[in-house]
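To start, the structure itself, in structure tokens.
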Amino acid sequence: MARAPLTLKLHNTLTRQKDVFRPVDPKHVRMYVCGPTVYDFAHIGNARPVIVFDVLYRLLKRLYPKVTYVRNITDVDDKIIAAAKESGEPIGSITKRTEQAFHEDAKALGALDPDVEPRATEHIPEMIRMIEALIEKGHAYAYMAEGHAGDGHVLFSVPSMPTYGRLSRHSRDELIAGARVEVAPYKKDPADFVLWKPSTPDLPGWDSPWGRGRPGWHIECSAMSEKYLGSTFDIHGGGLDLIFPHHENEIAQSTCARPGETFARVWVHNGYLMVNGEKMSKSLGNFFTVRDLLQKAPGEVIRFAMLATHYRQPLNWTDDALKQARSILDRWYRAIALCGPVAPIAPALDVEAIQAFLAALTDDLNTSQAIAEINKHADMIFHAADLTGITKKMVNFDTLKGRLLFMGNMLGVLRQDADAWFKGVSAGSGTAGEAEIEALIQKRNDARKAKDFKEADRLRAELVAKGVTLEDGPKGTTWRRG
Ligand SMILES: [Zn+2]
């Protein structure tokens with residue numbers, strides 16, 4: 001059977017509908033996603049785009065021969081400056097430490113590294129050149145305060161772009177209200193936004209035609225996406241909260257600096273994350289960092305809990321959702337264990353199970369349907385394992401295992417072997433360490449040998465209290481968590 005062609009459909013915020021994805025160059029798909037501003041640990045709301053766009057990246061890599069995924073690091077920003085002022089920690093130390101923590105979190109969540117991860121501070125000349133192009137073309141202007149020669153602001157002139165607001169579809173009044181515009185003497189129009197601002201000597205700054213200063217946030221993404229992906233590329237992603245003003249302003253800068261170019265053709269936005277039905281906030285006490293959560297559950301469980309909800313829907317984070325994710329993954333790992341220690345065979349992509357799974361994912365990343373397809377496949381394995389005699393002998397468990405692993409890996413889960421999973425080697429998944437458990441089991445075995453069954457029972461109870469299940473078999477005692 002020939003492999004059925006798979007058509008990727010993605011919801012495009014520009015058109016407000018699911019469109020068939022047609023890359024500029026089918027041999028090389030290019031995607032940009034706004035990365036973290038590195039001043040604090042990532043919270044679970046920050047984790048959502050990391051996971052969603054990782055799934056999209058994995059899918060694109062499956063469908064196209066080459067994919068370039070760029071995710072930036074914003075390491076110059078007023079929030080970073082404010083954090084340094086508050087804590088006294090030098091800016092360079094905050095950004096370095098936070099970037100490293102972000103990488104550790106992303107890894108724990110099973111996210112592949114992007115192909116390029118440019119830092120804003122290493123791309124200032126590119127930003128300056130783009131700002132110069134905007135001034136040249138009449139889309140931006142510099143304001144030099146009187147008597148402060150060299151302390152220049154550069155602003156993007158929103159009225160110079162008749163199509164401004166196309167992505168967010170805001171009216172001009174909404175644009176002005178939404179931008180929380182401060183009345184500033186350097187603005188010609190209240191909707192104009194900053195491309196460059198002056199820095200006092202104690203603040204990070206770079207020499208520019210407008211004096212020593214630093215870039216605004218929006219220009220970073222325009223300059224860095226162009227450098228690595230070109231002036232027109234395929235997909236731009238980020239959270240819903242970035243549509244306005246950040247992404248609207250990126251479009252304004254990039255298309256006005258490069259007339260005739262489209263910039264990103266497809267805009268993909270993930271929905272908000274709530275905690276127990278409420279907006280996450282430090283004052284409500286429902287604010288969790290990824291690190292906090294990793295103490296409670298393995299990264300794979302956190303990741304899977306995020307994927308159970310479609311990426312465009314609001315995601316309600318609850319302990320129950322986490323428990324449910326854990327139990328589904330447990331079940332899948334049990335199915336893997338039932339297949340035995342056989343080497344999994346890479347699946348033929350045209351088999352029905354894989355086709356149904358890929359059809360779900362290519363339908364605007366319908367992860368809940370994709371999970372349902374994996375569940376069906378796990379059911380099949382449980383059913384096959386219950387067979388006996390000749391019918392069981394006819395089952396090809398390595399093929400079944402290969403398919404299950406293929407589907408799980410496309411979602412970025414089932415990354416460890418079943419034994420390691422149930423022993424909970426992943427970070428933070430249990431209270432007792434593996435060595436401690438092994439030692440207790442050894443003590444219990446010794447007690448049994450010495451026929452001290454009371455002590456053996458006491459040790460078993462102690463293990464159960466630590467969430468460990470023992471199975472005594474002919475080859476000795478095996479154990480797992482849960
Ligand atoms: Zn951005």
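Side chains included, hydrogens not; waters and symmetry mates left out as well; all remaining heavy atoms used. Indexing begins at 1, ligand by ligand and atom by atom, following the structure's order.
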Exercise. Are His123 and Tyr228 near enough that their ring centres are under 6.0 Å apart?
Worked result: yes

Exercise. Centroid-to-centroid, His11 to His269, below 6.0 Å?
Worked result: no

Exercise. Does Trp196 have its ring centroid less than 6.0 Å away from the ring centroid of His153?
Worked result: no

Exercise. Is it true that some N/O/S atom of Glu250, main chain or side chain, lies under 2.8 Å from the Zn ion (ligand 1)?
Worked result: yes

Seminar exercise, completed: Per residue His246, nearest N, O or S atom to the Zn ion (ligand 1) is named NE2

For this session: Would you please indicate if the ring centroids of Phe233 and Phe263 are separated by under 6.0 Å?
Result: yes

Exercise. So does Cys34 have any N/O/S atom less than 2.8 Å away from the Zn ion (ligand 1)?
Worked result: yes

Exercise. How about His247: does one of its N, O or S atoms come closer than 2.8 Å to the Zn ion (ligand 1)?
Worked result: no

